Amino acid sequence: MRTARDAVAAVVDPEIRVVTIEDLGILRGVAADPATGRITVTITPTYSGCPAMDVIRADIRAALAAAGHPDAEVRTVFAPAWSTDWISAAGRAKLAEAGIAPPGPATRTGPVPLTLGVRCPRCGSVDTEQLSRFGSTACKALWRCRTCRDPFDQVKPL
Amino acid sequence: MTTTVGYLLGLADDALVAAQRLGEWAAAAPEMEEDIALANIALDQLGAARLLLSYAGELEGAGRDEDALAFLRGDREFHNCQLVELPNGDFAVTMAKLLFLSAYQLPLYTALSGCADERLAAIGAKARKESAYHLEHSALWTVRLGDGTAESHRRMQDAVDAIWPYTHELFAADPAAPVDPAGLRAAFLSAVEPVLTEATLDRPADGWAPSGGRSGVHTEHLSYLLAEMQVLHRAHPGARW
């Protein structure tokens, strides 16, 4: 059981390959049937249309097959809805290390969204500007640092 | 309160047809960032559509999955509102359509997230966060175009005037539904009217109100959209990438 959980937790996100599905909070649970030992993995998508989900399911099954569980089941659940607040501290550190600004708190107050400054993951400056609310994947926005002039991705708070 | 197949198809087809229309902007939007933004919004809509279609298929119990419902129904079997099937027009028309659609979907999904149907509530809770982004994005563009040059103002006002009549259908009363659409119009107006004001645009008067989409009566535009969307699946049943 320990090895099955470790195998699943080590699966990397196919679009942001520096973090695992556990870092991102996509992995909800790994359970073994007490009678048969059959593994059931529960995951949740970041965005409802996330195109990486099929690959993630296939990668989980492949990882479990390699760990000796060839007939595992992968279930997808939607409640409670995924939030960027579920990205672990380790996941945030790995994102920043890879030049992707981690998200701020997802909680919004009132009808007007609270805009927090985003720190440049390359030079650390907070003098940054948003170029586009939609970035290279569904979960990211595109930003630019006014200090070092580099563009960078941000995992947007959701 | 009962969740019916017809109700789910209304929600699902709104999202599916909106996704297909937005996808037409891929590689054709006025700037690269907008190309990516509209593709992302289309993807969100498609994601919601898939969840809703799968649920509708299971509830129907006739063995139809999301693909069968998306690709093998004719135009008269689609329950989407007419607003989403209208052509993209210029960029202002696309933004007017997205502003009105997201200002309807956000309170709709928010209300659904608290409804008694657990599966529908989960879909609503998921989609509502994405709708908030769509609304912000289209509101920013509406202000930018409306309060821009004389030409962009003219086009944005024309777009709002042309699309406004199609918003009435969104709020047709359906008291038996999990969320009665009639109760959403106040939230819609309180989201849209301040945006129009900031954009220096006139809020159109309520008048002509085309409808029929929910019962399968559509403009001719839907038939062409479905022909393009369905041709591959119909020509090669079960084809996979």
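Per chain, numbering begins at 1; letters A, B, ... match sequence-line order. Since the model is a prediction, treat every value here as computed from it, not as a measurement.
Proximity to chain A is absent for every atom of B:Ile123, based on heavy atoms less than 4.5 angstrom apart. Residue contact with chain B, scored on non-hydrogen atoms closer than 4.5 Å, is absent for A:Thr76. If you measure heavy-atom distances from A:Pro45 to chain B, the contacts under 4.5 Å come from both the backbone and the side chain.
Taking all atoms of both residues into account, the shortest heavy-atom contact from B:Lys126 to A:Tyr47 is CE-C, 4.0 Å. Here the shortest heavy-atom pairing between B:Glu33 and A:Leu131 reads CG-O, 4.2 Å. Between A:Ala79 and B:Ala122, the shortest heavy-atom contact is CB-CB, 3.6 Å.
In this structure the side chain of B:Leu43 reaches within 4.5 angstrom of the side chain of A:Pro51, judged on heavy atoms. Between B:Leu51 and A:Ser48 there is a side-chain heavy-atom pair separated by less than 4.5 Å. In this structure, the side chains of B:Lys129 and A:Ser83 come closer than 4.5 Å at one or more pairs of heavy atoms. With contacts defined as side-chain heavy-atom distances shorter than 4.5 Å, the pair A:Phe78/B:Arg119 does not qualify.
For CD of B:Glu31, the number of neighbouring non-hydrogen atoms (other residues, nucleotides, ligands) closer than 6.0 Å is greater than 12. Dense packing is recorded around CZ of B:Arg128, with more than 12 heavy atoms of other residues, nucleotides or ligands lying under 6.0 Å away. The local environment of CD in B:Glu193 is crowded, with over 12 non-hydrogen atoms from other residues, nucleotides or ligands closer than 6.0 Å. The number of heavy-atom neighbours closer than 6.0 Å to CD of A:Glu129, taken from other residues, nucleotides and ligands shown, is above 12. Heavy-atom neighbours of A:Gln130 CD from other residues, nucleotides or ligands within 6.0 Å: above the threshold of 12. Around CZ of A:Arg75, the count of heavy atoms belonging to other residues, nucleotides or ligands within 6.0 Å does not exceed 12. In B:Arg50, the CZ atom is not crowded: 12 or fewer heavy atoms of neighbouring residues, nucleotides or ligands sit closer than 6.0 Å.
With sequence neighbours excluded, no residue forms a side chain to side chain donor-acceptor pair (under 3.5 Å) with A:Glu73.
With rounding to the nearest 0.5 angstrom, the NZ atom of A:Lys140 is 11.0 Å from the CD1 atom of B:Ile36.
Within the 3.5 Å criterion, the main-chain N or O of A:Gly135 finds a donor-acceptor partner in the side chain of B:Asn40.
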> Can you list the steps and then say if B:Tyr133 with A:Lys156 is a side-chain contact (heavy atoms from CB on, under 4.5 Å)?
Replying inline: CA-CA 10 Å; B:Tyr133 270 101; A:Lys156 54 193 183 191; 3.5 Å; yes
